[in-house]
Amino acid sequence: MATAGGAAAAAPSKRGELRYAMVARGVDVLAEQSMIKGDLSSTVQQCLAELPQGGAKYVALPHGDFTIAFQTEKEYVFGVLADKEVARDVLRGFLEKLKGGFMAKYASKARAMPAGALQREFGPKLKQQLQQGSARPEELSKAAKIQGQVEEVKGVMLENMRKVINRGEKLQVLEEKANVLQEEALKFKKGAKAVKAKMWWENMKIKVLFIIIAVLLLGGIVSLIACRIAKC
């Protein structure tokens, strides 16, 4: 585990300090940095191994005099250990900043790297960020609040999009039902016309039959009258 220049473990300041940070892919730690002596690496890695798969993207765990926080992004996990006096929004701001810098440069090429592969290259950056975070925690707190507002707006936008999509699906269902009803109405109309034409033709055949019968009857009556007159 990397330590910062053999710094001795000191009593935490009133507001607390950031003591350790790491970047991992799954449970393989790619780079880490500790600002004090002590086996902080094992402590953090033990907590890392116990993180539930597919759980929350951010989690903060109390651990004795410290707080350990993790932030996940795709297959990567970013971790920080700090004195318990350090505010949670500072930890979250630190992890957001760490995640942003790492993902912008290493997101693709670190996928196939073994554990410890980025220690020499990224370890000093972890040290620098730990020092800056302890010296100016208000900046991290502000960044965390801004990120929280961004996430809130993002959540509202996603919810609105979901509602629009659901509304669109309902409108599509209604449109499909209307089209089906229209098709059924056209079929009924065509069927009604066919039935009407058939009934008209049947009526015409009956009328023609009646006319024929009437003509035959009239012809018969005329024949009988003519026969009587002629004394057939």
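Note that the structure is predicted; figures quoted are calculated from it, not measured. Residues: numbered from 1 along the sequence shown. Note: hydrogens, waters and symmetry copies are ignored here, and every other heavy atom, side chains too, is used.
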Legend entry - Test item: Lys84 and Phe66 side chains (from C-beta on) under 4.5 Å apart, heavy atoms: no
Legend entry - Other residues, nucleotides, ligands: >12 heavy atoms within 6.0 Å of Lys198 NZ: no
Legend entry - Within-4.5 Å side-chain heavy-atom neighbours: Leu91 and Leu18: yes
Legend entry - Exercise: identify the closest heavy-atom pair between Ala24 and Leu48: CB-CD2, 3.9 Å
Legend entry - Spacing of CG belonging to Asp83 relative to CZ belonging to Arg19, to within rounding of 0.5 Å: 4.0 Å
Inset, instruction - Could you check if a side-chain atom of Leu30 sits within less than 4.5 angstrom of a side-chain atom of Phe122, using non-hydrogen atoms only? - result: no
Legend entry - Met35 side chain reached by Gln131 side chain, heavy atoms, under 4.5 Å: yes
Legend entry - Reported OH-to-CE distance for the pair Tyr106 and Met113, which is rounded to 0.5 angstrom: 7.5 Å
Inset, instruction - Report the distance from atom OG1 of Thr67 to atom CG of Leu61, rounding to the nearest 0.5 Å. - result: 9.0 Å
Legend entry - Axial cation check for Tyr58 ring with Arg92, 6.0 Å and 45° limits: yes
Inset, instruction - Find out whether Phe78 and Met103 are in side-chain contact, i.e. whether some heavy atom of one side chain is under 4.5 Å from a heavy atom of the other. - result: yes
Legend entry - Straight-line distance of Gln132 CD to Glu139 CD, nearest 0.5 Å: 8.0 Å
Legend entry - Leu51 and Val59, any side-chain heavy atoms less than 4.5 Å apart: yes
Inset, instruction - Please report the shortest heavy-atom distance between Phe102 and Ala110, naming the atom on each side. - result: CZ-CB, 4.0 Å
Legend entry - Euclidean distance, Lys74 NZ relative to Arg25 CZ, rounded to 0.5 Å: 14.5 Å
Inset, instruction - Grab the two heavy atoms, one from His63 and one from Thr43, that are nearest each other, plus how far apart they are. - result: NE2-CG2, 3.3 Å
Inset, instruction - Not counting sequence neighbours, which residues clear side-chain hydrogen bond (donor to acceptor under 3.5 Å, both in side chains) with Glu75? List them please. - result: Arg111
Legend entry - Taking every non-hydrogen atom, the tightest pair across Ala60 and Arg88: CB-NH1, 3.5 Å
Just list the side-chain donor-acceptor pairs under 3.5 Å for residues 204-227, sequence neighbours left out, or say none.
from, atom 1, to, atom 2, distance (Å)
Ser223, OG, Gly219, O, 2.8

Legend entry - Separation of Met22 CE from Phe70 CZ (nearest 0.5 Å): 4.5 Å
Inset, instruction - Determine, using the 4.5 Å side-chain heavy-atom cutoff (strictly less than), whether Leu98 and Val27 are members of one ILVMFWY cluster. - result: no
Inset, instruction - Could you check if a side-chain atom of Ile36 sits within less than 4.5 angstrom of a side-chain atom of Tyr20, using non-hydrogen atoms only? - result: no
Legend entry - Distance-minimising heavy-atom pair for Gly26 and Val77: O-CG2, 4.0 Å
Legend entry - Contact summary for Leu126 and Ala21, nearest pair of heavy atoms: CD1-O, 3.9 Å
Legend entry - Sequence-distant partners of Glu73, salt bridge (charged side-chain N to carboxylate O under 4.0 Å, His left out), two or more places apart: Lys57, Lys99
